[in-house]
Protein chains: 2
Amino acid sequence: MTSVKESDLDNIRAELLKNVGKNIQRIREQKGLSQFDLITKMLGEFDVTNVSRIESGRNNPTLFTLYRIAKALDVSLPQLLDYSTTGK
Amino acid sequence: MTSVKESDLDNIRAELLKNVGKNIQRIREQKGLSQFDLITKMLGEFDVTNVSRIESGRNNPTLFTLYRIAKALDVSLPQLLDYSTTGK
DNA sequence: AACTATATTGCCATATATGGCAACCTAACC
DNA sequence: GGTTAGGTTGCCATATATGGCAATATAGTT
(Lines give C-alpha, C1' and ligand atoms only; values in the text may rest on other atoms or scores of the structure.)
Protein backbone atom coordinates (compact mmCIF):
# COMPACT_ATOMS: atom_id res chain seq x y z
CA MET A 1 0.00 0.00 0.00
CA THR A 2 1.90 3.03 -1.20
CA SER A 3 -0.91 5.14 -2.57
CA VAL A 4 -4.04 6.70 -1.19
CA LYS A 5 -7.38 6.57 -2.95
CA GLU A 6 -8.40 9.92 -4.34
CA SER A 7 -11.56 10.00 -2.30
CA ASP A 8 -9.55 9.33 0.84
CA LEU A 9 -7.29 12.23 0.00
CA ASP A 10 -10.31 14.47 -0.40
CA ASN A 11 -11.59 13.35 2.99
CA ILE A 12 -8.25 14.01 4.65
CA ARG A 13 -8.19 17.47 3.11
CA ALA A 14 -11.78 18.19 4.10
CA GLU A 15 -11.14 17.14 7.69
CA LEU A 16 -8.01 19.25 7.93
CA LEU A 17 -9.73 22.35 6.60
CA LYS A 18 -12.69 21.83 8.90
CA ASN A 19 -10.50 21.33 11.97
CA VAL A 20 -8.35 24.37 11.34
CA GLY A 21 -11.40 26.42 10.45
CA LYS A 22 -13.13 25.51 13.69
CA ASN A 23 -9.97 26.32 15.60
CA ILE A 24 -9.82 29.78 14.05
CA GLN A 25 -13.47 30.37 14.84
CA ARG A 26 -13.01 29.17 18.42
CA ILE A 27 -10.09 31.54 19.03
CA ARG A 28 -11.88 34.44 17.36
CA GLU A 29 -14.97 33.98 19.51
CA GLN A 30 -12.88 33.56 22.65
CA LYS A 31 -11.48 37.00 21.95
CA GLY A 32 -14.98 38.39 21.46
CA LEU A 33 -14.38 39.41 17.88
CA SER A 34 -16.78 39.32 14.95
CA GLN A 35 -15.57 38.23 11.52
CA PHE A 36 -15.65 41.87 10.57
CA ASP A 37 -13.56 42.81 13.60
CA LEU A 38 -11.04 40.21 12.53
CA ILE A 39 -10.51 41.53 9.02
CA THR A 40 -10.11 45.08 10.28
CA LYS A 41 -7.25 43.85 12.48
CA MET A 42 -5.57 41.95 9.65
CA LEU A 43 -2.59 43.33 7.78
CA GLY A 44 -3.55 44.57 4.35
CA GLU A 45 -6.96 43.97 2.84
CA PHE A 46 -9.07 40.90 3.35
CA ASP A 47 -12.64 40.15 2.40
CA VAL A 48 -14.94 39.15 5.23
CA THR A 49 -16.59 36.64 2.92
CA ASN A 50 -13.46 34.54 2.95
CA VAL A 51 -13.35 34.42 6.74
CA SER A 52 -16.65 32.59 6.69
CA ARG A 53 -15.37 30.24 4.00
CA ILE A 54 -12.15 29.50 5.85
CA GLU A 55 -13.86 28.94 9.20
CA SER A 56 -16.31 26.52 7.64
CA GLY A 57 -13.57 24.64 5.77
CA ARG A 58 -14.68 25.64 2.30
CA ASN A 59 -11.39 27.39 1.50
CA ASN A 60 -7.84 26.09 1.67
CA PRO A 61 -6.07 29.21 2.96
CA THR A 62 -2.51 30.10 2.02
CA LEU A 63 0.34 30.43 4.47
CA PHE A 64 0.26 34.22 4.30
CA THR A 65 -3.46 34.31 4.96
CA LEU A 66 -3.04 32.07 8.00
CA TYR A 67 -0.21 34.26 9.21
CA ARG A 68 -2.30 37.44 8.97
CA ILE A 69 -5.19 35.76 10.79
CA ALA A 70 -2.84 34.61 13.55
CA LYS A 71 -1.45 38.11 13.98
CA ALA A 72 -4.94 39.62 14.07
CA LEU A 73 -5.97 37.12 16.75
CA ASP A 74 -2.79 37.70 18.70
CA VAL A 75 -1.66 34.10 18.60
CA SER A 76 1.33 32.45 16.99
CA LEU A 77 1.05 30.68 13.68
CA PRO A 78 1.72 27.28 15.30
CA GLN A 79 -0.98 28.00 17.89
CA LEU A 80 -3.49 28.86 15.20
CA LEU A 81 -2.97 25.49 13.53
CA ASP A 82 -2.74 23.37 16.66
CA TYR A 83 -6.19 21.86 16.86
CA SER A 84 -4.97 18.64 18.44
CA THR A 85 -5.22 19.92 22.00
CA THR A 86 -8.75 21.23 21.63
CA GLY A 87 -10.48 17.95 21.12
CA LYS A 88 -10.75 17.19 17.45
CA MET B 1 -1.46 54.61 11.75
CA THR B 2 -4.03 52.06 10.82
CA SER B 3 -2.72 50.86 7.49
CA VAL B 4 0.47 49.28 6.23
CA LYS B 5 2.22 50.43 3.11
CA GLU B 6 1.86 47.97 0.29
CA SER B 7 5.59 47.53 -0.02
CA ASP B 8 5.80 46.77 3.69
CA LEU B 9 3.14 44.13 3.32
CA ASP B 10 5.08 42.57 0.47
CA ASN B 11 8.19 42.52 2.64
CA ILE B 12 6.34 40.89 5.51
CA ARG B 13 5.00 38.27 3.15
CA ALA B 14 8.40 37.66 1.56
CA GLU B 15 10.06 37.24 4.93
CA LEU B 16 7.40 34.82 6.14
CA LEU B 17 7.66 32.66 3.05
CA LYS B 18 11.44 32.66 3.23
CA ASN B 19 11.48 31.73 6.91
CA VAL B 20 9.00 28.90 6.58
CA GLY B 21 10.74 27.70 3.42
CA LYS B 22 14.09 27.56 5.13
CA ASN B 23 12.53 25.73 8.05
CA ILE B 24 11.09 23.10 5.72
CA GLN B 25 14.44 22.71 3.99
CA ARG B 26 16.25 22.43 7.32
CA ILE B 27 13.96 19.68 8.57
CA ARG B 28 14.10 17.83 5.26
CA GLU B 29 17.89 17.85 5.22
CA GLN B 30 18.05 16.84 8.88
CA LYS B 31 16.11 13.74 7.90
CA GLY B 32 18.51 13.07 5.03
CA LEU B 33 15.83 13.36 2.38
CA SER B 34 16.10 14.83 -1.10
CA GLN B 35 13.28 16.94 -2.52
CA PHE B 36 12.37 13.92 -4.60
CA ASP B 37 12.30 11.70 -1.53
CA LEU B 38 9.97 14.18 0.08
CA ILE B 39 7.36 14.19 -2.68
CA THR B 40 7.34 10.40 -2.82
CA LYS B 41 6.43 10.38 0.88
CA MET B 42 3.68 12.96 0.45
CA LEU B 43 0.01 12.02 0.29
CA GLY B 44 -1.32 12.26 -3.25
CA GLU B 45 0.65 13.78 -6.08
CA PHE B 46 3.02 16.67 -5.78
CA ASP B 47 5.47 18.14 -8.24
CA VAL B 48 9.08 18.31 -7.11
CA THR B 49 9.38 21.68 -8.82
CA ASN B 50 7.10 23.22 -6.24
CA VAL B 51 9.20 21.93 -3.36
CA SER B 52 12.06 24.04 -4.61
CA ARG B 53 9.77 27.04 -4.98
CA ILE B 54 8.31 26.64 -1.51
CA GLU B 55 11.69 26.14 0.16
CA SER B 56 13.08 29.24 -1.50
CA GLY B 57 10.02 31.32 -0.61
CA ARG B 58 8.81 31.82 -4.15
CA ASN B 59 5.47 30.10 -3.50
CA ASN B 60 2.84 30.79 -0.86
CA PRO B 61 1.76 27.23 -0.05
CA THR B 62 -1.76 26.31 0.96
CA LEU B 63 -2.71 24.76 4.28
CA PHE B 64 -3.21 21.35 2.72
CA THR B 65 0.20 21.47 1.03
CA LEU B 66 1.85 22.38 4.33
CA TYR B 67 -0.01 19.55 6.03
CA ARG B 68 1.16 16.99 3.50
CA ILE B 69 4.75 18.21 3.79
CA ALA B 70 4.57 17.98 7.57
CA LYS B 71 3.26 14.42 7.40
CA ALA B 72 5.97 13.42 4.92
CA LEU B 73 8.64 14.88 7.20
CA ASP B 74 7.11 13.22 10.25
CA VAL B 75 6.56 16.45 12.14
CA SER B 76 3.41 18.19 13.28
CA LEU B 77 1.96 21.08 11.35
CA PRO B 78 2.76 23.53 14.17
CA GLN B 79 6.34 22.25 14.25
CA LEU B 80 6.75 22.75 10.53
CA LEU B 81 5.77 26.40 10.84
CA ASP B 82 7.63 27.17 14.03
CA TYR B 83 10.73 28.92 12.76
CA SER B 84 11.05 31.15 15.81
CA THR B 85 13.11 28.66 17.81
CA THR B 86 15.59 28.01 15.06
CA GLY B 87 17.12 31.42 14.88
CA LYS B 88 15.38 33.51 12.30
C1' DA C 1 36.89 15.42 -19.53
C1' DA C 2 32.18 12.69 -18.64
C1' DC C 3 28.56 11.04 -15.65
C1' DT C 4 25.18 11.17 -11.85
C1' DA C 5 22.22 13.17 -8.39
C1' DT C 6 20.10 17.15 -6.84
C1' DA C 7 18.22 21.55 -7.25
C1' DT C 8 16.80 25.68 -9.76
C1' DT C 9 14.44 28.20 -13.33
C1' DG C 10 11.33 29.02 -17.25
C1' DC C 11 7.26 28.18 -19.69
C1' DC C 12 2.41 26.97 -20.22
C1' DA C 13 -2.07 24.99 -18.61
C1' DT C 14 -5.42 24.19 -15.02
C1' DA C 15 -7.37 24.59 -10.47
C1' DT C 16 -8.56 27.46 -6.89
C1' DA C 17 -7.83 31.35 -3.25
C1' DT C 18 -9.10 35.77 -2.91
C1' DG C 19 -11.54 40.41 -4.06
C1' DG C 20 -15.80 42.39 -4.41
C1' DC C 21 -20.52 42.81 -4.23
C1' DA C 22 -25.42 41.40 -3.63
C1' DA C 23 -28.82 38.49 -1.71
C1' DC C 24 -30.35 35.83 1.94
C1' DC C 25 -30.76 34.02 6.69
C1' DT C 26 -31.10 34.03 11.56
C1' DA C 27 -31.34 35.88 16.08
C1' DA C 28 -31.83 39.70 19.00
C1' DC C 29 -33.49 43.79 19.58
C1' DC C 30 -37.44 47.86 19.82
C1' DG D 1 -44.48 44.39 12.22
C1' DG D 2 -39.49 46.64 11.35
C1' DT D 3 -34.48 47.20 12.19
C1' DT D 4 -29.82 45.92 13.16
C1' DA D 5 -25.68 42.87 13.60
C1' DG D 6 -23.60 38.85 12.33
C1' DG D 7 -22.96 35.21 9.29
C1' DT D 8 -23.75 32.57 4.97
C1' DT D 9 -24.13 31.76 0.05
C1' DG D 10 -23.90 32.80 -4.92
C1' DC D 11 -21.82 34.94 -8.71
C1' DC D 12 -18.02 36.80 -11.41
C1' DA D 13 -13.24 38.59 -12.06
C1' DT D 14 -8.39 38.41 -11.01
C1' DA D 15 -4.26 36.60 -8.94
C1' DT D 16 -1.63 32.79 -8.03
C1' DA D 17 -0.64 27.76 -6.39
C1' DT D 18 0.07 23.72 -8.49
C1' DG D 19 0.86 20.19 -12.46
C1' DG D 20 3.92 18.99 -15.86
C1' DC D 21 7.85 19.09 -18.59
C1' DA D 22 12.35 20.85 -20.40
C1' DA D 23 16.47 23.30 -19.82
C1' DT D 24 20.09 24.79 -16.96
C1' DA D 25 23.13 24.83 -12.88
C1' DT D 26 25.96 22.83 -9.49
C1' DA D 27 28.46 19.73 -6.89
C1' DG D 28 30.35 15.13 -6.31
C1' DT D 29 32.58 11.08 -8.30
C1' DT D 30 35.36 8.38 -11.44
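Just so it is clear: chains get the letters A, B, ... in the order the sequence lines come, proteins before strands, and each one is counted from 1. These numbers come from a predicted model, not from an experiment.
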To the nearest 0.5 Å, what is the distance between CG (Leu77(B)) and OH (Tyr67(B))? 8.5 Å
Base, sugar-phosphate alone, or nothing: which one does [X] contact when heavy atoms must sit under 4.0 Å apart?
X	result
Asn59(B)	base
Glu55(A)	nothing
Arg13(A)	sugar-phosphate

Using only side-chain N and O atoms of [X], determine if any of them is under 4.0 Å from OP1 or OP2 of [N].
X	N	answer
Asn50(A)	dG19(C)	yes
Thr62(A)	dT18(C)	yes
Gln35(A)	dA5(D)	no

Counting heavy atoms from C-beta on, name the nucleotide in [options] closest to the side chain of [X].
X	options	value
Ser52(B)	dG7(D), dA17(D), dT9(C)	dT9(C)
Thr49(B)	dT8(D), dA22(D), dG20(C)	dA22(D)
Arg28(B)	dG19(D), dA7(C), dT18(C)	dA7(C)
Ser34(A)	dA17(D), dG19(D), dG7(D)	dG7(D)

Heavy-atom nearest nucleotide on DNA chain D taken for Val48(A) and for Thr65(B); more 5' hit belongs to Val48(A)
Mark yes or no for whether Gln79(A), through its side chain, and Ser76(A), through its backbone, hold a donor-acceptor pair below 3.5 Å. yes
Please report the C-alpha distance between Asn23(B) and Leu81(B) in whole Å, then the side-chain angles of each, then the deciding distance to 0.1 Å, and finally whether the side chain to side chain contact (heavy atoms under 4.5 Å, CB included) criterion is met. CA-CA 7 Å; Asn23(B) 205 42; Leu81(B) 301 184; over 6 Å; no
List the steps and the verdict of side chain to side chain contact (heavy atoms under 4.5 Å, CB included) for Leu73(B) and Leu33(B). CA-CA 9 Å; Leu73(B) 293 178; Leu33(B) 300 174; 4.0 Å; yes
Base of dG7(D), side chain of Arg53(A) - is there a donor-acceptor contact under 3.5 Å? no
